[in-house]
Asker: 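Could you have a look at this structure, given as C-alpha cells, before my questions?
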Number of protein chains: 2
Amino acid sequence: MRTTLRDVAELAQVSPKTVSNVVNGYIHVRKETRERVEQAIAELNYRPNLSARSLRQGRTGVIALAVPELDQPYFAELARHFVAAAAGHGLTVLVDQTEGARDRERLVIGGIRDQLIDGLVLSPLALTAADLDERTDATPMVLLGERIHHGPADHVVIDNVRAAREATEHLISLGRKRIGAIGSQKVAAGVTARLRLRGYQQALKSAGVSADKNLVASATRFHRADGAEAMELLLAQKPLPDAVFCFSDLLALGALRTLASHGIRVPDDIAVMGFDDIEDGRFSTPTLSTISPDKEQLAAQSIELLNAQLNGSAADRGPQEVYTNYELIARESTIGR
Amino acid sequence: MRTTLRDVAELAQVSPKTVSNVVNGYIHVRKETRERVEQAIAELNYRPNLSARSLRQGRTGVIALAVPELDQPYFAELARHFVAAAAGHGLTVLVDQTEGARDRERLVIGGIRDQLIDGLVLSPLALTAADLDERTDATPMVLLGERIHHGPADHVVIDNVRAAREATEHLISLGRKRIGAIGSQKVAAGVTARLRLRGYQQALKSAGVSADKNLVASATRFHRADGAEAMELLLAQKPLPDAVFCFSDLLALGALRTLASHGIRVPDDIAVMGFDDIEDGRFSTPTLSTISPDKEQLAAQSIELLNAQLNGSAADRGPQEVYTNYELIARESTIGR
DNA sequence: ATGAAAGCGCTAACAC
DNA sequence: GTGTTAGCGCTTTCAT
C-alpha cells in the first residue's frame, strides 16, 4: 500500500487537514506542528495522490500540446519552449501527435483527453471551420497558426502574408529577377501555405517583378524530401530561377540539397530563403536565410491565453487573436559571406 | 457542472453501475439497455472523469518520458516513436525536460510526478549510481542508454563500444590514417562519450593505426556548436587529420559546417562520420555517414519493459538489460558520390 | 444482467 | 491554529 495523508496524520498525531495544510504550504500552521508533519512525511516517504487531488479540485495541472509531428524541428523547438513555459506556471505538458490528420485533430478538440487535461494547445493542419463549429467540448483551447474560422477560439498567429512579403522583398532587394516559390498547397488545409503564397505574390507585384507560374512548386508536406523534389522541378525550368522562397526551413534545406547535387552555387546562382528559423539552418552549408518567429514568445502567449481561460478571466472577453513577433535573418544562402 | 455518470444513469433509467459497464465495454449488457445508455451518453455529451477513474483504479494510463532537450533531433525523433508506441498500449505520454541537469534528473526519479504517472522512461545524462541507489520511489522506471550502475533498474541500451569501433573501422577501411574524434567528455556524466571513445581507440589499436591524442577533441555538449568549435581545434593540428569520427550527428553537422567554411572538401580531404542518424544528416551537404540506432525498436522495447513492470510480470525477474539494434550507414561524408 | 453500498485519497467548508 | 464532516466521480464487491 502507498502511504496516504491519513497515515502521515496518524504518525504526526494531527488531523488529515493539518497534513494537507502543510503539504499545500498553508501559512497558519505552528512551526512545531509543521516540523512534526514534515518529519512524518519524510519518514513515510509520502507523496500526495494527484488523482485524488484533481478529483477534489476539478483541475489536473496538466495541459496538452497537440502538434502534427514531434520530430519536425519547428514543432520540437516549439514543444521545448512550451514545456518550459508551462513549468513556469506549475503546469505539466502532455504531448499528442496528430500526424496532421483531420480525424486525429478532431479527436483532440473533441475531448479525447478531456477530464485529464485542464487545457489544450493545438497546432492544426487539416481541421476545418465546420469541425470547430461542431465542437461541444468545453475544455479551454488555444489554436496555433492561422485563424481557421471566426468561432470562439483563441489564436496565436504570425502575420504570414507580411512575413512572406518581406522574405520575397529581401530577395528582390538583392537584385533577383526570377524568383520561385516552394510550398504551395492546393488542399483546403493549406491555409498557411496560401497566405505565404499571397505574400510572395504581393511582393513581386508591387516591385514590378514578373511572376512566372511555372516557378511556383507545390509541396504535399513541408519536409526536406518535398523541398528536394520541388527544387528538381524548378531546375527543369528555362531560364532557371535566380532565387527561391521556401515556405519552411525544411523545404529550403531539401532544396539546398538538390542544388548541391547539381553543382549549383548558392547564393551565386540561386539564392534561397526559408521560413521558421530552425537550428539546422544555422549550421547548414550554406547557412540559411529565414524568417524567424519568436518561438519563446509564441509559447508564452499561448500559455497566457490558456491560463486566462482557466482562471475564468476570459469570460466575457471574446475570442482573442494574438500576433507573435518575427524577424528576417539574412545568412549565407542569400547574401553569401 | 460537468455531466457525470450519475446523470447518464438517471436519463437512461439505469443504475450507475450499468453505465459504467457500458462505458468500459463490459460484455454482459442487454443490447437494448446498452443502446439506451449510449444514447443518453451522446445526448449529455458525457465524458468519464479520468481523475476519478484513476483514483479508483490506482492507475492513470499516463507515462512520463524525460529527456534532456526535446529539440535535439535525436530526442525529438525518439519522442515521436514513444508517443506512437505508447498510444498502441493505450498509454499517454507526458514529457519532461531535464536539460541534462543532475538535480532535475534526481527530481524525476524521485517521483516529482509520482501518482500522476504509472511509469517513467528516463534518458539520463548526469545521474550517478548513488542517485539511483538513493531512490525510494517505487514507480516503474526504464533507463535509456548506458547502464549507470548495477542496481535494480531496467535498461535499454545500444552497444556503444562496438558501434563506435565499427564506425572507426569504416574510416580505416577507406584508407584513412590520421583519424580524429570529436565528443570526448571528462566529466563523470559522460558515460556514453567514454564508451564511444573506447570503441574508437580499440579500432585504431587493432588496425595498427597510430592514435594521436591531439586528434581527440572534447565537447561539453553534443550540439552543432560544440562540433563546429571542436573541428576548429582539430584543424589547428599538423598534419591535418584525414578523417573524424564524431560521437553524435549534431557534432558532425557542426564539424561539416566548419570544414565548409575553411573550404576543406569532404570526404576528399577529410571524411566525417556521425552517430544517431537524425534526419538532418540525410539532407546535409554532404550527406552524413552515421551509426543508425533502431529508434522505433528502442521505443518499443522501453514500453515493453515498462508494461512488464506495470503488470507485475516483472516481479522476480531481476533487472533487465535490452540491446537495441543499429546499423552503419555510409553516405557521402565518407564514401563520396 | 443489473443494482446498492462502500470507498479510493484528497480538500472545501465550517466548527471550535 | 487545528479538527470534523462530507463528498468529488468513479469502480469494486456483493447481492439479486
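Everything numeric here is computed off the predicted structure, so don't read it as measured data. Values below: every heavy atom of this structure, side chains too, minus hydrogens, waters and symmetry copies.
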Asker: Would you indicate which nucleotide in C/dT2, D/dC10, D/dG3 comes nearest to any side-chain atom of B/Val29?
Answerer: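 Selected nucleotide (nearest to the side chain): C/dT2.
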Asker: For a quick test of your reading: what N or O donor-acceptor pairs under 3.5 Å do the side chains of residues 30-44 of chain B make, sequence neighbours left out?
Answerer:
{"residue": "B/Arg34", "atom": "NH2", "partner": "B/Tyr26", "partner atom": "O", "Å": "3.0"}
{"residue": "B/Arg36", "atom": "NH1", "partner": "B/Ala12", "partner atom": "O", "Å": "2.4"}

Asker: Quick one: is C/dT2 close enough that its OP1 or OP2 comes under 4.0 Å of any side-chain N or O from B/Arg30?
Answerer: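 B/Arg30 to C/dT2 OP1/OP2: side-chain N or O found under 4.0 Å.
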Asker: Among residues at least two apart in sequence or on other chains, which ones pass side chain to side chain contact (heavy atoms under 4.5 Å, CB included) with B/Asn45?
Answerer: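 Listed in chain order: A/Thr136, B/Arg47.
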Asker: For nucleotides 11-16 of chain D, give me one character per nucleotide, 5' to 3': B if any protein heavy atom sits under 4.0 Å from the base, S if the only such contacts are to the sugar-phosphate, - if neither.
Answerer: BBB---
Asker: Figure out the CG/P separation between A/Asn49 and D/dG9, and round it to whole Å.
Answerer: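 Atom CG in A/Asn49 sits about 17 Å away from atom P in D/dG9.
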Asker: Under the 3.5 angstrom rule, does the side chain of A/Gln97 hit a backbone N or O of A/Val67 as a donor-acceptor pair?
Answerer: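 Absent.
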Asker: Within less than 4.0 Å of OP1 or OP2 of D/dG3, is there a side-chain N or O belonging to A/Thr18?
Answerer: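 So the side chain of A/Thr18 is within the cut-off, an N or O lying under 4.0 Å from OP1 or OP2 of D/dG3.
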Asker: Taking salt bridge (charged side-chain N to carboxylate O under 4.0 Å, His left out) as the definition, give me every residue that meets it alongside B/Glu304, ordered by chain and number, with sequence neighbours left out.
Answerer: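 Residues passing salt bridge (charged side-chain N to carboxylate O under 4.0 Å, His left out) with B/Glu304: none at all.
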Asker: How bent is the helix from C/dA1-D/dT16 to C/dC16-D/dG1, measuring the angle between the end axes built from five pairs each, rounded to 10°?
Answerer: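 The value is 30°.
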Asker: Can you list, in residue-number order, the parts of residues 32-41 of chain B that come under 4.0 Å of DNA chain D, counting heavy atoms only?
Answerer: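 Contacting residues: none.
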Asker: Restricting to pairs with a member in residues 62-86 of chain A, which pass ring pair (Phe, Tyr, Trp, His ring centres under 6.0 Å), not counting sequence neighbours?
Answerer: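 Of all non-adjacent pairs touching residues 62-86 of chain A, none passes ring pair (Phe, Tyr, Trp, His ring centres under 6.0 Å).
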Asker: Sorted by first residue and then second, give each salt bridge (Lys or Arg N to Asp or Glu O under 4.0 Å) pair with at least one member in residues 83-97 of chain A; sequence neighbours left out.
Answerer: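 For residues 83-97 of chain A: A/Asp96-A/Arg113.
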Asker: Does D/dG9 have its OP1 or OP2 closer than 4.0 Å to a side-chain nitrogen or oxygen of B/Thr4?
Answerer: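 No, no such contact exists.
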Asker: Taking salt bridge (charged side-chain N to carboxylate O under 4.0 Å, His left out) as the definition, give me every residue that meets it alongside B/Glu10, ordered by chain and number, with sequence neighbours left out.
Answerer: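 Counting only residues at least two positions away or on another chain, B/Glu10 forms no salt bridge (charged side-chain N to carboxylate O under 4.0 Å, His left out).
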Asker: Please identify each residue that fulfils salt bridge (charged side-chain N to carboxylate O under 4.0 Å, His left out) with A/Glu134, with sequence neighbours left out.
Answerer: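 A/Glu134 satisfies salt bridge (charged side-chain N to carboxylate O under 4.0 Å, His left out) with A/Arg106 only.
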Asker: Scan for side chain to side chain donor-acceptor pair (under 3.5 Å) pairs involving residues 11-24 of chain B, sequence neighbours excluded, and state none if there are none.
Answerer: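 Residue pairs passing side chain to side chain donor-acceptor pair (under 3.5 Å), neighbours aside: B/Ser15-B/Thr18, B/Lys17-B/Asn21, B/Ser20-B/Asn24.
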Asker: Could you give the side-chain donor-acceptor pairs of residues 54-62 of chain A under 3.5 Å, partners two or more places apart or in another chain?
Answerer:
{"residue": "A/Ser54", "atom": "OG", "partner": "A/Leu50", "partner atom": "O", "Å": "2.7"}
{"residue": "A/Ser54", "atom": "OG", "partner": "A/Arg59", "partner atom": "O", "Å": "3.3"}
{"residue": "A/Thr60", "atom": "OG1", "partner": "A/Val62", "partner atom": "N", "Å": "3.2"}
{"residue": "A/Thr60", "atom": "OG1", "partner": "A/Leu116", "partner atom": "O", "Å": "2.8"}
{"residue": "A/Thr60", "atom": "OG1", "partner": "A/Asp118", "partner atom": "OD1", "Å": "3.2"}

